[in-house]
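If you read the sequence from its start, that first residue is 1, and numbering goes on from there.
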Amino acid sequence: MRVTTAQMFNSATYNINKTQQNYYDIQQTLLTQKRVNKPSDDPTGASQISEVKNSMNRLEQYGRNIDKAGSFIGATELALSEVIEELNKVLDTAIDINGGNATGTDYQVAAQQIESNFANIVQSANAKDGDRFVFSGYRTSTQAFDSNGDYQGGSGEYIEIEITGDNFLEINLCGDDVFKGPIDVFQAVSDLKAAVESGDQDQIKAMIPTVEAALDQIIAMRSGIGSKTVRMEAAEENNASLEEAYAQILSNLEDIDIAEATSEYAYQEEVYQATLMVSSKIFEQSILDFIT
């Protein structure tokens, strides 16, 4: 079969392009140290790599969610601890003034102290995590309580955050659950203050158990936060284990054997140089060299 000049030139050009591409591909492999640099390198491998990376991205998002949840829950726990401290002060004042030897001035001073404690409790009940009110339900931009202790947030509105695959955590406590029921914390403190202000020993004595019940209510709410922290820590450990596993899978799919790739690079370089040398001989010939 007769080989034409055009066929020889086309064949030479094809071989140059093919060996040049192979040489470039192995060069890229060495530079990136990745076996798959584009889908055409290994369509199946590229798909698997994409799936693994998507899974790793989800784990990163879970990590960010856990950080946000931890911050929000931490602000909630701190606020409840402050309320507990203020309620203990209220009880100390009530017990001190309930001895029967207090003067009118003593009652007024004690009432003022309880009023100050009341204001501090309201302030803690309006605690924020960043710019979000922690006790307002979904209405995180709305202050939970007004200065009288009346609730302004949402009822039964629990914020859930995904902390690992299909595992959601409620990060908030609604203010009406915490401060309004079954004991109305603000009402209990307010009633005790009124009793102290009037110097009514019987009423003071009667109100102390109610304030103690309010204190127990807040302590119970704070204790419940511990289980949320345990769940976050467990999710964090689980996500860390998954990240490690996925990183190994990704390495197995992507990473190259450096020694093997270096040897392949040297081979492809030789093939490319040889192809250029042979092709140059063809390109140097004139059309007259092919006329018989």
Closest non-hydrogen atoms of Ala195 and Gln203, given as atom of the first, atom of the second and distance, are CB-CG, 3.5 Å
Going through the distances and angles, do Val90 and Gln113 end up as a side chain to side chain contact (heavy atoms under 4.5 Å, CB included)? CA-CA 8 Å; Val90 169; Gln113 179 59 53; over 6 Å; no
Just checking Glu212: does its CD atom have more than 12 heavy atoms from other residues, nucleotides or ligands closer to it than 6.0 angstrom? yes
Could you measure the distance from the OG1 atom of Thr140 to the CD1 atom of Ile159? Nearest 0.5 Å is fine. 6.0 Å
Taking the inter-plane angle between the rings of Phe186 and Phe145 on a 0 to 90° scale, is it parallel (under 30°), tilted (30 to 60°) or perpendicular (over 60°)? tilted
How long is the straight-line distance from CG of Asn65 back to CD of Glu60, given to the nearest 0.5 Å? 12.0 Å
Less than 4.0 angstrom from a charged side-chain N to a carboxylate O is my criterion; do Arg132 and Asp129 meet it? yes
Could you give all pairs that pass the side-chain hydrogen bond (donor to acceptor under 3.5 Å, both in side chains) test and reach residues 189-198, with sequence neighbours left out? Gln187-Asp191
Transitively linked via ILVMFWY side-chain contacts under 4.5 Å: Ile95 with Val196? yes
With no hydrogens and no angle check, do the side chains of Gln112 and Tyr107 hold a donor and an acceptor under 3.5 Å apart? no
Check step by step if side chain to side chain contact (heavy atoms under 4.5 Å, CB included) holds for Asn98 and Gln201. CA-CA 6 Å; Asn98 194 37; Gln201 287 285 341; 2.5 Å; yes
Could you work out, with ring-ring contact (aromatic ring centres under 6.0 Å, His included) as the rule, every residue matching Tyr246, not counting sequence neighbours? none
In Å, rounded to the nearest 0.5 Å, how long is the span from CD1 of Ile218 to CG of Leu173? 9.5 Å
Evaluate the criterion side chain to side chain contact (heavy atoms under 4.5 Å, CB included) for residue pair Val134 and Lys128; output intermediate values, then yes/no. CA-CA 5 Å; Val134 299; Lys128 299 172 75 174; 5.7 Å; no
Note: Cys174 and Gly137 closest approach over all heavy atoms is SG-CA, 4.2 Å
Report yes or no: do Gln61 and Arg64 form a side-chain donor-acceptor pair below 3.5 Å? yes
Are Tyr158 and Leu80 connected, step by step, through hydrophobic side chains (Ile, Leu, Val, Met, Phe, Trp, Tyr) whose heavy atoms are closer than 4.5 Å? no
At their closest point, which heavy atom of Glu157 faces which heavy atom of Tyr138, and how far apart are they? OE1-N, 2.9 Å
Check the surroundings of atom CD in Gln123: do more than 12 heavy atoms from other residues, nucleotides or ligands lie under 6.0 Å from it? no
Any side-chain donor paired with an acceptor under 3.5 Å for Asn238 and Ser241? no
Strictly by modelled atom types, are Glu243 and Asn239 linked by a side-chain donor-acceptor pair under 3.5 Å? no
To the nearest 0.5 Å, atom CD of Gln217 lies from atom CG of Asp184 at 8.5 Å
Measure across Ala94 and Leu192 and return the closest heavy-atom pair with its distance rounded to 0.1 Å. CB-CD2, 3.8 Å
Any chain of hydrophobic side-chain contacts (each under 4.5 Å) joining Ile225 to Met221? yes
Please determine whether residues Ile183 and Phe179 belong to a single hydrophobic cluster, defined as Ile, Leu, Val, Met, Phe, Trp and Tyr linked transitively by side-chain heavy-atom distances below 4.5 Å. no
Is Phe135 reachable from Ile219 through a run of hydrophobic residues whose side-chain heavy atoms are each under 4.5 Å from the next? yes
Provide the closest heavy-atom pair for Ala188 versus Met207 in the form atom of the first, atom of the second, distance. O-CE, 3.5 Å
Distance-minimising heavy-atom pair for Asp176 and Gly154: OD1-O, 4.5 Å
Sequence neighbours excluded, the answer for ring-ring contact (aromatic ring centres under 6.0 Å, His included) partners of Phe133 is none
Under 3.5 Å side-chain donor-acceptor pair for Arg139 and Ser136: no
Show your working on side chain to side chain contact (heavy atoms under 4.5 Å, CB included) between Ile171 and Glu160 and close with a plain yes or no. CA-CA 6 Å; Ile171 67 170; Glu160 290 188 325; over 6 Å; no
Rounded to the nearest 0.5 angstrom, the CD-CG distance for Glu86 and Asn117 is 5.0 Å
Just verifying a value: how many Å separate Ile163 CD1 and Lys228 NZ, rounded to the nearest 0.5 Å? 10.0 Å
